[in-house]
Amino acid sequence: MRKIKVNTIIEKVKEMCIKSNYNLGYDILNKIKEVSKTETSSIGKDILEKLLLNAKIAAEKELPICQDTGMAVFFVEIGQDTFIEGGSLTDSINEGVRQGYREGYLRKSIVKDPLIRQNTNDNTPSIIHYDIVKGDKLKICFAPKGFGSENMSKLKLLKPSDGVNGVKDFIIETVKEAGPNPCPPIVVGVGIGGTMEKACILAKKALFRDIDTYNKKQHIKDLEIELYNEINKLDIGPQGFGGNTTALGVNIEVFPTHIAGLPVAVNINCHVARHMEIVI
Amino acid sequence: MIELNIYTPLTSHKVKDLTAGDKINLTGTIYTARDAAHERLINDIKKGNNPPFNLQNSIVYYVGPCPAKPGYVIGSSGPTTSYRMDKYTPFLLDKGIKGMIGKGVRSNEVISSMKKNDAVYFGAIGGAGALISSCIKKSKVIAYEDLGTEAVRELYVEDFPLIVVIDCKGNNLYNKQDRLKLSIGG
């Protein structure tokens, strides 16, 4: 049994909140650099160059890349041979968020009740997905999720007979309908299979993967590549003003499902697709 | 595509010179309001109270900034998605607002009201909050302070980079046919 102190967790979570909001990941930075050379629209090219400048300013001045510093979403893998010492794991993650958002001058965007809508003023609570795994390590993956793009996300429970073409149509339709709203160029997270909620969680998890990686299953990797190409033909372009850069990446995660179902969830992320992970 | 320097207040005369696709550098005083502030602003006006700023020829920026770090005027300040304000916008346009800054599509009702009232919709670059904050030289909360990031702020901006997305004739940069008509992009 390995002991992990809650203070260590609080400190690490705090650091992740601040760092991920100030520094755009290399996967996204490299991709924007690449597509700024191939973008066909002059307005689009200009926007992509400004996004690179924005990322540079944010990193140098230690400012949030985007003012929507998101709702804090975590995927946590707890090794079954670990013991959390000094308090609860959930409380310590939320305390890390509280301290990170305060000390990093990040925006507090969470309301206490979805209908009464009073700001909690500390950006908690977080959304935390737990998974118990073998071993004695604690892996914490974090993404501050902005809501301009979250609001454009969708779930559909397809029929098995809809097949892969039904899946593709739904994903393309979702991106089309989102248009300029989620701050394109976007990252498209897709979850296929499981149950209603599992598909959504898979779609979210897909956004935690770097965009320069592929699904390990060959047929899913092929689907990622095909959808990436199709989405970039939609002429939505950077900020929706037209062009051939609509998506920076398409990440798909899959899970076994029921004989009667084909759930598909599409979770859209903006170009400020922040995510980080640490292992304690 | 032309580049123009625009100064506030934004009169009908200035609005009529703007065409979808124009690049703008905006200098002057603008006001922030997003979801919660719009709701309050409209309730206040309907109750007969004076709005917190003079709506006539004004520009509203849809933004909820990050807190300012010590030594900074404001934190990151990029636009939020505009369609959530569509419900409130025709009312405010009828009351004299001439310009809106945000990102994303607007409803047909908003576009009709813009044509009727000679108003313009500007797009700021979504997700470029750090860059935009460097154009904001002054910031002051003038109403609804309890709303935190959603309070109404008076901002003084210099060379705020914008694009005319929808002009007062209804030309819409998000619309491919309009882009072709105005020979934009490509």
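Below, chains carry the letters A, B, ... as their sequence lines are ordered, and counting in each starts from 1. Predicted model, so just to flag it, every value in this text is computed and none were measured.
Looking at heavy atoms from C-beta onward, B:Pro67 lies in side-chain contact with A:Lys108 at the 4.5 angstrom threshold. Between B:Thr81 and A:Asn151 there is no side-chain heavy-atom pair separated by less than 4.5 Å.
Of the two parts of B:Thr149, only the side chain, counted from C-beta on, holds a non-hydrogen atom closer than 4.5 Å to a non-hydrogen atom of chain A. Looking at A:Tyr22, the atoms closer than 4.5 Å to chain B (heavy atoms on both sides) all sit in the side chain, from C-beta outward. With a 4.5 Å cut-off on non-hydrogen atoms, B:Leu147 does not touch chain A at all. Heavy-atom distances place no part of B:Ala20 under 4.5 Å from chain A, backbone and side chain included. Of the atoms belonging to A:Lys45, not a single heavy atom falls under 4.5 Å from chain B. If you measure heavy-atom distances from B:Lys176 to chain A, the contacts under 4.5 Å come from the side chain alone. Looking at B:Ala68, only its backbone comes within 4.5 Å of chain A, counting heavy atoms on both sides. Heavy-atom distances place no part of B:Ser82 under 4.5 Å from chain A, backbone and side chain included. Proximity to chain B is limited to the side chain of A:Asp46, based on heavy atoms less than 4.5 angstrom apart. Both the backbone and the side chain of A:Asp235 come within contact range of chain B, with heavy atoms under 4.5 Å apart.
The two residues A:Gly240 and B:Arg179 have their closest heavy-atom pair at O-NH1, 3.7 Å. Listed here is the closest heavy atom pair of B:Lys69 and A:Leu63: CD-CD2, 4.0 Å. Of all non-hydrogen atoms in B:Ala128 and A:Leu51, the two that sit nearest each other are CB-CD2, 4.4 Å. For B:Gly78 against A:Gln67, the heavy-atom pair with the smallest separation is N-OE1, 2.6 Å. Looking at every heavy atom in both residues, B:Cys66 comes nearest to A:Tyr105 through CB-O, 3.7 Å.
By the neighbour-count criterion of 12 heavy atoms within 6.0 Å, atom NZ of A:Lys168 is densely surrounded, having more than that number from other residues, nucleotides or ligands. Heavy-atom contacts from other residues, nucleotides or ligands closer than 6.0 Å to CD of A:Glu177 number more than 12. Other residues, nucleotides and ligands place no more than 12 heavy atoms under 6.0 Å from the NZ atom of A:Lys112. Within 6.0 Å of atom NZ in B:Lys14, more than 12 heavy atoms from other residues, nucleotides or ligands are found, so the atom counts as buried in its surroundings. Atom NZ of B:Lys138 has 12 or fewer heavy atoms from other residues, nucleotides or ligands within 6.0 Å.
Between chain B and the options A:Val272, A:Asn121, A:Leu106, A:Asn119, heavy-atom pairs under 4.5 Å are most frequent for A:Leu106. Top candidate by heavy-atom pairs under 4.5 Å with chain B, chosen from A:Asn181, A:Asp68, A:Ile236, A:Ile65, is A:Asn181. Among A:Gly179, A:Cys183, A:Pro64, the residue with the largest count of heavy-atom pairs under 4.5 Å with chain B is A:Pro64. Listed options B:Gly129, B:Ala130, B:Gly104, B:Gly123 were ranked by heavy-atom pairs under 4.5 angstrom with chain A; first place goes to B:Ala130. When the candidates A:Gly104, A:Gly146, A:Gly148, A:Gly242 are compared by the number of heavy-atom contacts under 4.5 Å with chain B, A:Gly242 comes out ahead.
With rounding to the nearest 0.5 Å, the separation of CD in A:Glu62 from OH in B:Tyr72 is 8.0 Å. With rounding to the nearest 0.5 Å, the separation of CD1 in B:Ile132 from SG in A:Cys66 is 9.0 Å. Here the CG-NZ distance, from B:Leu131 to A:Lys56, works out to 11.5 Å after rounding to the nearest 0.5 Å. Note that the CG atom of A:Asn54 and the OG atom of B:Ser76 stand 7.0 Å from one another [nearest 0.5 Å]. Between atom CD of residue B:Glu150 and atom CZ of residue A:Arg117 there is a gap of 8.0 Å, rounded to the nearest 0.5 Å.
When atom types are taken as modelled, the side chain of A:Gln239 and the backbone of B:Gly126 share a donor-acceptor pair closer than 3.5 angstrom.
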